[in-house]
Structure formats: structure tokens, C-alpha cells
S.K.: 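Handing you this structure, nothing more for now.
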Amino acid sequence: MPISEASGHLDEVAAESAATGEVIYLTRDRRRLAAIVPAAAAAEIEAAEDAADIAAAEAAMAEPGDDIPASVVWAELGIADGK
């Protein structure tokens, strides 16, 4: 859907996406710029990303080697006091 067409009635476009479960792509010059996604689909995507992050963190924690204090990592990254 052209973004210019959706801009005047975004509430209707969002309601349509929620009702049908469809992703509605907003386009300009036929190129996808953004998408309106049903909330349930967005929640599923976020849950999958969270699960992948947890798996990666668990894998990293299981790697052999010495623990490195956060202060050392921060110093290497040029971050003072973890901020």
C-alpha cells in the first residue's frame, strides 16, 4: 500500500492488519519502507529474538576460559565505570 494512501487513515489500515492477521507493507515508488504487523506476530518475532539472545548468551557462558571482569572489558571499550 502506498504510504501516501495509508497516511490519511492509518487507524483503518492497522485495524485491517489486526483483523486479517496480514502484514501490510507501506511503500513509496513501489519500494517497501515499513510494515504494519499484527501485534501477535510482532510478539512472536520478539519472543524468537529473545530466545536466540538467551541461547547465544548461554553458549557464550559455556565457553571455556577465564572470567574477565566487566571493568576490564569497559576499559578496553573506552567506557568509564560501565556507563
Side-chain angles (χ1 to χ4, degrees):
M1 167 178 290
I3 197 165
S4 59
E5 182 180 322
S7 65
H9 54 96
L10 191 55
D11 56 335
E12 294 169 15
V13 175
E16 178 184 342
S17 176
T20 64
E22 292 183 53
V23 175
I24 298 174
Y25 291 98
L26 303 178
T27 62
R28 179 176 295 134
D29 299 326
R30 297 184 181 180
R31 290 190 333 247
R32 291 178 177 176
L33 298 176
I36 297 177
V37 181
E44 289 178 18
I45 292 167
E46 289 173 342
E49 290 174 341
D50 290 346
D53 290 345
I54 290 168
E58 289 173 344
M61 293 293 290
E63 290 179 3
D66 296 332
D67 289 341
I68 302 171
S71 59
V72 172
V73 176
W74 296 333
E76 288 179 6
L77 295 174
I79 301 170
D81 298 322
K83 298 177 184 176

S.K.: NE2/H9 to CD/E16 distance, rounded to the nearest 0.5 angstrom?
M.R.: 9.0 Å
S.K.: Is I54 reachable from M61 through a run of I, L, V, M, F, W or Y residues, each pair having side-chain heavy atoms under 4.5 Å apart?
M.R.: no
S.K.: On a heavy-atom basis, which atom in V23 and which in A35 lie closest, and how many Å separate them?
M.R.: CG1-CB, 3.8 Å
S.K.: Write down the atom of S17, the atom of I36, and the distance for their closest heavy-atom approach.
M.R.: OG-O, 3.5 Å
S.K.: Is there a path from M1 to Y25 through hydrophobic residues (I, L, V, M, F, W, Y) whose side chains come within less than 4.5 Å of each other?
M.R.: no
S.K.: Counting neighbours of CG on L77 that are heavy atoms of other residues, nucleotides or ligands and sit closer than 6.0 Å, is the number greater than 12?
M.R.: yes
S.K.: Count the heavy atoms of every other residue, nucleotide or ligand shown that sit under 6.0 Å from CG of D67, and state whether that count exceeds 12.
M.R.: no
S.K.: As an exercise, state the distance from CD1 of I3 to CG of D29, rounded to the nearest 0.5 Å.
M.R.: 11.5 Å
S.K.: Looking at OG1 of T27 and CG of L33, how far apart are the two atoms once the value is rounded to the nearest 0.5 Å?
M.R.: 7.0 Å
S.K.: Give, for atom CD of E5 and atom CG of L26, the distance between the pair rounded to the nearest 0.5 Å.
M.R.: 10.0 Å
S.K.: Establish whether V37 and V13 are linked, either directly or via other cluster members, by ILVMFWY side-chain heavy-atom contacts under 4.5 Å.
M.R.: no
